[in-house]
2 protein chains.
Amino acid sequence: MKFSARFEYALLALLYLKCEPDESPISGRVLSEKLSLPYRFLEQILTDLKKAGLVRSVRGYHGGYRLAVEPEEISLYDVFRVTEGKLEPYNCGEGENGDRCGQSHNMCVISSFYDDIKDTMTNLLKSYTLDKLCQASRNMGAPKAAPAANV
Amino acid sequence: MKFSARFEYALLALLYLKCEPDESPISGRVLSEKLSLPYRFLEQILTDLKKAGLVRSVRGYHGGYRLAVEPEEISLYDVFRVTEGKLEPYNCGEGENGDRCGQSHNMCVISSFYDDIKDTMTNLLKSYTLDKLCQASRNMGAPKAAPAANV
DNA sequence: ATAATTTACATCGAATCGATAGGAATTATG
DNA sequence: CATAATTCCTATCGATTCGATGTAAATTAT
Ligand code: FES
Ligand code: FES
């Protein structure tokens with residue numbers, strides 16, 4: 001189970017926008033260079049983030065991106081929804097008939113497990129806000145344990 | 001976030017083997033018919049389950065599959081490991097240098113979130129055993145609410 | 001007018017996924 | 001021994017997804 005590159009890139013970009021609060025917006029080009037991420041690809045992601053209302057964009061000469069809402073209000077759940085789509089484990093189309101499990105959805109053993117997964121993931125994702133992550137990042141100034149020098 | 005068909009098929013097969021404990025092993029053919037699953041594909045999955053030691057197989061004329069361990073001992077974590085691979089959210093190769101986040105792994109904000117996800121998922125998956133699921137399935141004998149008859 | 005930028009599409013290559021197929025090895029039964 | 005039923009191994013296919021690149025148009029300060 002892996003998270004997509006989209007998710008990580010979006011998160012890194014948002015963290016950068018938050019941790020470097022500037023007067024002028026930050027351009028996609030600068031963002032991609034600072035984070036060493038592919039320029040075009042990152043812009044796609046930023047566009048998605050904009051559609052979702054997480055960032056705001058300014059076009060033209062000194063344009064760029066900035067956060068659209070307060071960083072306490074942006075949770076990893078929001079980022080997830082933008083980059084990974086719906087958090088729906090069901091393979092059966094929920095409302096309709098379960099074609100895979102062969103049973104009707106409300107009689108399916110698996111569905112109760114899926115419900116659990118869905119709730120748990122949702123809660124976990126919502127518990128991480130951009131703000132907390134940025135604070136944690138600051139507290140990491142010094143690495144936990146310096147790796148032993150080799151030789 | 002979806003679970004693979006492999007996961008569901010494996011789970012359905014294991015549940016069948018558990019809930020229909022028989023003297024003679026159950027063949028892949030029968031299993032696929034009872035569960036309405038594609039024969040060849042299911043056998044691939046059963047082979048994987050066997051390699052993982054969850055089922056035992058008997059070859060030849062009256063051959064087939066049966067559970068290899070007690071159903072209390074089989075958790076969804078085991079099934080997950082077989083069908084979905086490692087539960088490693090990290091995109092950076094953990095031990096090595098983080099190529100995506102650009103930081104060393106023990107200084108990466110994202111890694112702490114990934115650790116959390118990993119632990120949470122692991123615990124949740126381990127909390128579901130084959131036995132519990134089968135009991136739940138029995139308790140579902142009567143549907144919660146009969147869907148309204150149309151017309 | 002010009003340069004820098006966002007924005008929208010189109011496409012590409014690789015990987016993954018569900019599924020199918022052929023054939024070899026194994027084993028009870030006659 | 002011959003046969004039928006079965007597991008098992010491996011190859012492949014078609015579709016989809018994913019990360020990434022490219023092109024070109026719209027927007028805006030200077
Ligand atoms: S029928 Fe919906 S999960 Fe089984
Ligand atoms: S460096 Fe490992 S998750 Fe960021």
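Here is the naming used below: chain letters follow the sequence lines, and residue numbers restart at 1 for every chain. None of these values were measured; they are calculated from a predicted model. Worth knowing before you read on, the calculation uses all heavy atoms, side chains too, and leaves out hydrogens, waters and symmetry mates.
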- [ ] Return the value, rounded to whole Å, for the distance between atom CD of A:Glu84 and atom P of D:dT17.
- [x] 14 Å
TODO: Write down the distance between CZ (B:Arg29) and C1' (D:dC8), rounded to a whole number of angstrom.
DONE: 14 Å
Task: Pair A:Lys118 + A:Glu88: basic N to acidic O under 4.0 Å - done: yes
Open item on the list: Output the rounded distance in Å from CD (A:Gln44) to C1' (C:dA8).
Closed with: 10 Å
Task: Distance-only donor-acceptor check, side chains A:Ser4 and A:Glu84, under 3.5 Å - done: yes
- [ ] State, yes or no, whether a side-chain contact exists between A:Leu11 and A:Leu76 at a heavy-atom distance under 4.5 Å.
- [x] yes
- [ ] Would you classify A:Tyr39 as touching base, sugar-phosphate or nothing, given that sugar-phosphate means primed atoms plus P, OP1 and OP2, and contacts are heavy atoms under 4.0 Å?
- [x] base
Open item on the list: For DNA chain C, which residues of residues 48-59 of chain A approach it to below 4.0 angstrom with any heavy atom?
Closed with: A:Lys50, A:Ser57, A:Val58, A:Arg59
TODO: Whole angstrom is fine here: how far is it from NZ in B:Lys2 over to C1' in D:dC18?
DONE: 17 Å
Task: Protein-nucleotide distance (A:Phe41, atom CZ; D:dT17, atom P), rounded to Å - done: 15 Å
Task: A:Lys2 NZ: over 12 foreign heavy atoms closer than 6.0 Å - done: yes
Task: Selection from D:dT21, C:dT5, D:dC9 that lies nearest to any side-chain heavy atom of A:Ser27 - done: C:dT5
Task: Under-4.0 Å side-chain N/O to phosphate OP1/OP2 contact, B:Tyr61 with D:dT3 - done: no
- [ ] Please tell me which of the listed nucleotides, D:dG22, C:dA19, D:dT30, lies nearest to the side chain of A:Arg40?
- [x] D:dG22
Open item on the list: Using whole Å, what does the distance between atom C1' of nucleotide C:dT6 and atom CG of A:Leu46 come to?
Closed with: 10 Å
Task: Atom-pair distance (OH on B:Tyr65; P on D:dT6), nearest Å - done: 11 Å
TODO: For the residue pair B:Tyr114 and A:Glu8, confirm or rule out a side-chain donor-acceptor distance under 3.5 Å.
DONE: yes
Task: Transitive ILVMFWY side-chain link A:Tyr65 to A:Val58, under 4.5 Å - done: no
Task: Interatomic distance, A:Ile45 CD1 vs C:dC9 C1' [rounded to whole Å] - done: 17 Å
TODO: Tell me whether the OP1 or OP2 atom of D:dA20 has a side-chain N or O from A:Tyr9 closer than 4.0 Å.
DONE: yes
Task: Test item: side-chain donor near acceptor, B:Asn123 and B:Tyr77, under 3.5 Å - done: no
